[in-house]
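What follows is a set of notes on a single structure, which appears directly below.
Labels below follow one simple rule: chain letters A, B, ... track the order of the sequence lines, proteins then strands, and each chain is numbered from 1. Because the structure is predicted, anything quoted here is derived from the model rather than measured.
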There are 2 protein chains.
Amino acid sequence: MYSDERVEAFRRRLASQGQRVTPQRLAIYKYLIEAETHPSAEEIHRALQPIYPSMSPATVYKTLELLVEMGLATELAFGDSPNRYDGNPHEHVNLVCTECGSIVDLEESLLEELRERVVRASRFLVRSQRHEFHGVCPRCQNAKGA
Amino acid sequence: MYSDERVEAFRRRLASQGQRVTPQRLAIYKYLIEAETHPSAEEIHRALQPIYPSMSPATVYKTLELLVEMGLATELAFGDSPNRYDGNPHEHVNLVCTECGSIVDLEESLLEELRERVVRASRFLVRSQRHEFHGVCPRCQNAKGA
DNA sequence: TTGTATGCAAATTGTTTGCATACCC
DNA sequence: GGGTATGCAAACAATTTGCATACAA
């Protein structure tokens with residue numbers, strides 16, 4: 001399974017940086033990359049509850065922060081709802097449905113060209129890029145029409 | 001002055017929608033579009049303090065929410081710092097400096113093509129789009145090198 | 001005059017922090 | 001064995017809410 005390789009790589013990076021490989025960290029990362037939901041910290045905590053009943057929310061928050069620092073995840077912030085996390089390692093667009101809250105990814109080759117142009121025009125040292133389209137997903141459009 | 005026209009348009013839209021034209025609302029919108037800073041609610045509140053000493057933060061928050069609903073502003077959310085607001089009415093890229101917190105706009109014609117492609121590929125009903133590049137601005141790059 | 005926006009204060013909520021304990025190395 | 005990550009509870013900070021008052025229409 002592809003996600004296992006990525007968890008394995010995470011494990012190695014932790015070890016090589018002298019950080020501890022704990023079951024909580026591995027489980028959180030695994031959940032993040034296997035979930036299609038762009039989960040919130042709370043969702044991750046709830047989902048892992050059956051397996052790690054004593055795991056605290058603080059551990060989830062700290063691990064997610066670590067993953068973001070390591071470049072293995074990105075944080076999607078919204079003004080009025082909890083942060084969501086994205087473990088997709090490829091540049092992509094996030095489509096955020098304002099009706100149901102779902103977020104889906106879309107790969108788009110134009111993002112590379114866009115980045116080049118932005119770097120050239122701004123002289124920014126770009127560390128990450130983030131693209132969101134907000135609107136109504138096809139499913140919710142149908143639901144409304146019904 | 002260009003911003004006066006926009007304030008005037010805001011006034012008319014409020015009136016036509018049966019909403020009240022208050023000096024606070026006009027001042028908040030004027031400050032937002034004249035500021036180059038992509039201000040937070042707190043910055044706006046602080047800046048208008050001398051003119052409206054009794055204005056409450058709640059009024060600023062409510063007005064900003066109203067502006068976002070009316071499509072006159074967009075909210076830039078960050079996980080770890082207050083929301084910032086953007087009154088730029090054109091599609092653009094936001095360049096966010098992780099060193100000094102500054103945000104600058106960059107117009108980029110590619111965004112239109114990107115939107116078209118996204119709509120075609122996803123069948124999303126797109127209401128707004130948001131593009132952020134995070135990194136280090138030229139000024140902070142120089143400061144570091146010094 | 002009527003009702004909506006304001007201002008104030010309290011409440012809310014997601015997230016962070018401090019510290020003792022557990023457990024990875 | 002040594003020290004870092006965890007778990008718990010308390011603290012925090014931005015934002016929202018409820019309600020009485022002020023003021024735009």
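Checked against side-chain contact (heavy atoms from CB on, under 4.5 Å), A/Glu69 has the following partners two or more places apart in sequence or in another chain: A/Glu65, A/Leu66. In terms of the side-chain contact (heavy atoms from CB on, under 4.5 Å) criterion, residue partners of A/Gln24 (sequence neighbours excluded) are, by chain and number, A/Thr22, A/Met55, A/Thr59. The side-chain contact (heavy atoms from CB on, under 4.5 Å) test applied to B/Glu108 returns A/Leu114, A/Arg117, B/Val93, B/Leu110, B/Leu111, not counting sequence neighbours.
The pair B/Arg11-B/Glu8 meets the salt-bridge criterion, since a charged nitrogen lies less than 4.0 angstrom from a carboxylate oxygen. The residues B/Arg115 and B/Glu91 are annotated as salt-bridged, a charged nitrogen and a carboxylate oxygen being separated by less than 4.0 angstrom. Checked for salt-bridge contact, B/Asp86 and B/Arg130 miss the test: no charged N lies under 4.0 Å from a carboxylate O.
Contact annotation for B/Gln19: backbone-only contact, meaning every heavy-atom pair under 4.0 Å involves sugar-phosphate atoms and none involves a base. Within the 4.0 angstrom heavy-atom criterion, no nucleotide atom of any strand lies near A/Asp80.
In this model, the phosphate group of C/dT15 is approached by a side-chain N or O of A/Asn83 to a distance below 4.0 Å at OP1 or OP2.
For residues 60-77 of chain A, proximity to DNA chain C is found at A/Tyr61, A/Lys62, defined as any non-hydrogen atom under 4.0 angstrom from a strand atom.
Nearest-nucleotide positions on DNA chain D for B/Pro82 and B/Arg20 put B/Pro82 closer to the 5' end. Map B/Val21 and B/Arg84 each onto its nearest nucleotide of DNA chain D; the residue landing nearer the 5' end is B/Arg84.
Across its full length, the helix from C/dT1-D/dA25 to C/dC25-D/dG1 shows an angle of 40° between the axes of its 5 terminal pairs at either end, rounded to 10 degrees.
With a 6.0 Å radius and a threshold of 12 heavy atoms from other residues, nucleotides or ligands, B/Glu36 has its CD atom at or below the threshold. Annotation for B/Glu112: atom CD does not count as buried by contact number, only 12 or fewer foreign heavy atoms lying within 6.0 Å.
Distance, A/Arg25 CZ to C/dC25 C1': 13 Å, rounded to whole Å. Computed from coordinates, the A/Gln24 CD to C/dA22 C1' distance equals 10 Å when rounded to whole Å.
Bracketed by its first and final contacts, the part of DNA chain D lying under 4.0 Å from non-hydrogen atoms of chain B reaches from D/dA14 to D/dA25 in 5' to 3' order.
Side-chain contact, A/Asp105 with A/His90: no donor N or O sits under 3.5 Å from an acceptor N or O.
A 4.5 Å side-chain heavy-atom check between A/Leu106 and A/His92 finds every atom pair outside the cut-off.
Checked against the 6.0 Å centroid threshold, A/Phe133 and B/His131 count as a close aromatic pair.
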